[in-house]
S.K.: 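Below is the structure I would like to discuss, written out as structure tokens.
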Amino acid sequence: MVYAKPERRSWAEPFKIKVVEPLKTTSPQQRQQAIREAGYNTFLLRSDDVYIDLLTDSGTNAMSDYQWAGMMLGDEAYAGSKNFYYLEANMRRFYGYRYLVPTHQGRGAEHIISQLLIKSGDCVPGNMYFTTTREHQERAGGSFVDVIIDEAHDPESLHPFKGNVDLQKLADLINKVGAKKIPYICVAATVNMAGGQPISMENLRAVRKLAEQHGIRVILDATRAVENAYFIKLREQGYAGKSVAEILKELCSYTDGATMSGKKDLLVNIGGFLALNDEKLYDEARNMVVVFEGLHTYGGLAGRDMEAMARGMEEMVNEDYLRARIGQVEYLGSKLLDWEIPIVEPIGGHAVFLNAKKILEHIPQEQYPAQALAAEIYLDSGVRTMERGIVSAGRDAATGDQHRPSLELVRVTIPRRVYTQAHMDVTAESILAVYENRKKVRGLKMTYEPKYLRFFQARFEKIPASSRPEHPAGARLETEPR
Ligand code: F0G
């Protein structure tokens with residue numbers, strides 16, 4: 001027998017497994033019942049009914065022995081916990097901002113910054129919306145304006161930095177509404193809804209310059225900024241020789257502050273923060289956090305959670321880890337590409353995004369193709385994914401009309417350090433099985449629509465094989481007025 005030599009040497013996860021959590025398989029009948037009871041919304045499944053959970057990379061990370069050891073060093077003081085000071089010191093060391101306000105998770109920080117800076121009638125430009133971020137901006141009286149480059153809305157564009165801001169769109173907005181109506185520019189790294197796509201250093205530097213000329217702040221959504229920094233190292237000229245830690249700090253240096261969901265890059269299960277450079281703004285944020293989250297030295301977190309985040313910061317910039325992390329997402333995505341299954345390209349940092357619009361081209365967007373595809377993958381194998389399309393996009397706050405995003409995607413999200421390549425193989429094969437039977441998949445009808453962030457709790461029914469949609473989506477829903 002002749003063995004084919006591999007073209008290049010393999011890489012492996014830079015860790016070994018010390019504690020295991022058993023996985024449970026389910027029968028097709030059990031899954032049929034579970035998804036029906038969940039109203040065809042994977043967010044409403046019980047995790048006990050899930051085999052491989054690729055719903056999100058948020059709070060689903062496996063902590064290291066170093067982090068778990070730190071959990072035992074939690075200083076559970078109401079005020080002035082030593083873990084807070086360690087977290088503050090590490091935030092300064094890795095992100096470079098001056099002031100830290102801990103929050104229970106990312107949206108806690110989004111709430112505070114939105115309430116502090118946005119006035120009624122303001123515009124907040126950003127490189128594509130994120131669900132919770134936009135919700136907080138709108139609740140504060142602002143409206144979100146998308147200024148991402150057009151390539152980001154095209155799943156097939158191979159632009160290496162699809163997270164970039166379109167500087168012309170930003171300049172046009174400033175000219176149109178005036179800088180006074182723009183409290184800050186909200187820049188995400190990487191861009192979740194675009195498919196985990198990075199922004200380049202060059203682009204952020206240019207955003208900074210334009211913002212500075214008009215006296216507008218730049219606030220970074222640093223949730224997955226480390227993964228963004230890794231892409232910069234791989235793809236941007238002049239950065240191959242720099243460490244990810246250096247790149248991260250440079251990224252942050254072009255911004256005035258950051259909101260952070262620690263549940264992603266920081267390799268923990270809960271936590272977040274708001275980071276700021278402006279002392280006056282920090283003072284206001286520190287005062288506000290006591291009303292909504294807790295004292296400014298814990299912000300809704302236990303001491304041990306802050307310790308785990310601080311230690312996670314030390315691990316997140318390890319480049320062997322990042323290579324395996326991004327490499328695992330790429331491994332899954334490449335398999336699907338080999339089988340010619342349409343996904344968003346380039347493959348993103350935290351997830352592979354299936355192009356449901358193309359896979360289920362017989363299902364109109366009003367019948368929620370991505371929602372239907374996520375349900376179908378669960379039915380096939382118990383693998384849980386999530387919708388990132390028209391359901392996630394929600395409704396226009398002013399008109400109540402559904403947003404109709406050009407991206408209609410299913411996100412297959414990879415938790416950090418949790419699953420092995422074998423789990424990726426099983427996932428890829430399940431997606432292939434659904435893909436091969438795609439013509440049989442039917443659309444959905446929404447039967448319950450919550451008022452805020454509807455994708456989390458909306459319920460659906462399968463549209464019977466013979467029927468056409470009776471009324472456009474949105475009509476006759478069990479919904480409360482906005
Ligand atoms: N910003 C981005 C880019 C996010 O992806 C998230 C959360 C948040 C802010 C809010 O942070 O959940 O800690 O309050 N994303 C999760 C996800 C929910 O599944 O993508 P949070």
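Both counts, for ligands and for their atoms, begin at 1 and track the order of listing. Everything numeric in this text was worked out from a predicted model, so none of it was measured.
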S.K.: Please compare Lys264, Gln105, Arg388, His350 and report which has the shortest non-hydrogen distance to atom 18 (C) of ligand 1.
M.R.: Lys264
S.K.: Which ligand 1 atoms are under 4.0 Å away from a heavy-atom of Lys263?
M.R.: 13 (O)
S.K.: Which option, Asp221, Ile270, Thr259, owns the non-hydrogen atom nearest atom 3 (C) of ligand 1?
M.R.: Asp221
S.K.: Can you list the atoms of ligand 1 that are under 4.0 Å from a heavy atom of Ser58?
M.R.: 16 (C)
S.K.: Do you know which of Asn83, Leu87, Val268 makes side chain to side chain contact (heavy atoms under 4.5 Å, CB included) with Glu307?
M.R.: Asn83
S.K.: Please identify which atoms of ligand 1 are closer than 4.0 Å to at least one heavy atom of Gly106.
M.R.: 11 (O), 13 (O), 14 (O), 21 (P)
S.K.: With heavy atoms of Thr223 as the reference, note each atom of ligand 1 found under 4.0 Å away.
M.R.: 1 (N), 2 (C), 9 (C)
S.K.: Suppose we measure from atom 11 (O) of ligand 1 to each protein heavy atom; which comes out shortest, and what is that distance?
M.R.: Ser261 CB, 3.3 Å
S.K.: Under 4.0 Å between a Lys/Arg side-chain N and an Asp/Glu carboxylate O for Asp49 and Arg31?
M.R.: no
S.K.: Check each atom of ligand 1 against the heavy atoms of Arg107 and keep those under 4.0 Å away; list them by number with element.
M.R.: 11 (O), 12 (O), 14 (O), 21 (P)
S.K.: Is there a side-chain hydrogen bond (donor to acceptor under 3.5 Å, both in side chains) between Tyr78 and Thr297 once you walk through the steps?
M.R.: CA-CA 8 Å; Tyr78 189 92; Thr297 55; over 6 Å; no
S.K.: Are His159 and Asn164 close enough that a side-chain donor and a side-chain acceptor fall under 3.5 Å?
M.R.: no
S.K.: Which bit of Arg411 is near ligand 1, meaning a heavy atom under 4.0 Å away: side chain, backbone, both or neither?
M.R.: side chain
S.K.: Salt-bridge test for Arg205 and Glu250: reply yes if a basic N is under 4.0 Å from a carboxylate O, no otherwise.
M.R.: yes
S.K.: Short list, please: which atoms of ligand 1 are under 4.0 Å from a heavy atom of Thr56?
M.R.: 17 (C), 19 (O)
S.K.: What's the shortest distance from atom 8 (C) of ligand 1 to any protein heavy atom, and which residue and atom give it?
M.R.: Phe130 CE2, 3.5 Å
S.K.: Assess whether a salt bridge exists between Glu319 and Arg323, defined as any Lys/Arg side-chain N lying under 4.0 Å from an Asp/Glu carboxylate O.
M.R.: no
S.K.: Under 4.0 Å from a heavy atom of Thr132: give me the atoms of ligand 1 that qualify, with their elements.
M.R.: 8 (C), 10 (C)
S.K.: Could you tell me whether Asn192 and ligand 1 have an N or O pair separated by under 3.5 Å?
M.R.: yes
S.K.: Pick from Lys264, Arg416, Lys233: which one makes a salt bridge (charged side-chain N to carboxylate O under 4.0 Å, His left out) with Glu227?
M.R.: Arg416
S.K.: Give me the ring orientation class for His350 and Phe353: parallel if the planes are under 30° apart, tilted from 30 to 60°, perpendicular past 60°.
M.R.: perpendicular
S.K.: Scan side-chain atoms only and decide if Glu315 and Ser64 contain a donor-acceptor pair under the 3.5 Å cut-off.
M.R.: yes
S.K.: Among all protein heavy atoms in this structure, tell me which lies nearest to atom 9 (C) of ligand 1, with the distance rounded to 0.1 Å.
M.R.: Glu110 OE2, 3.0 Å
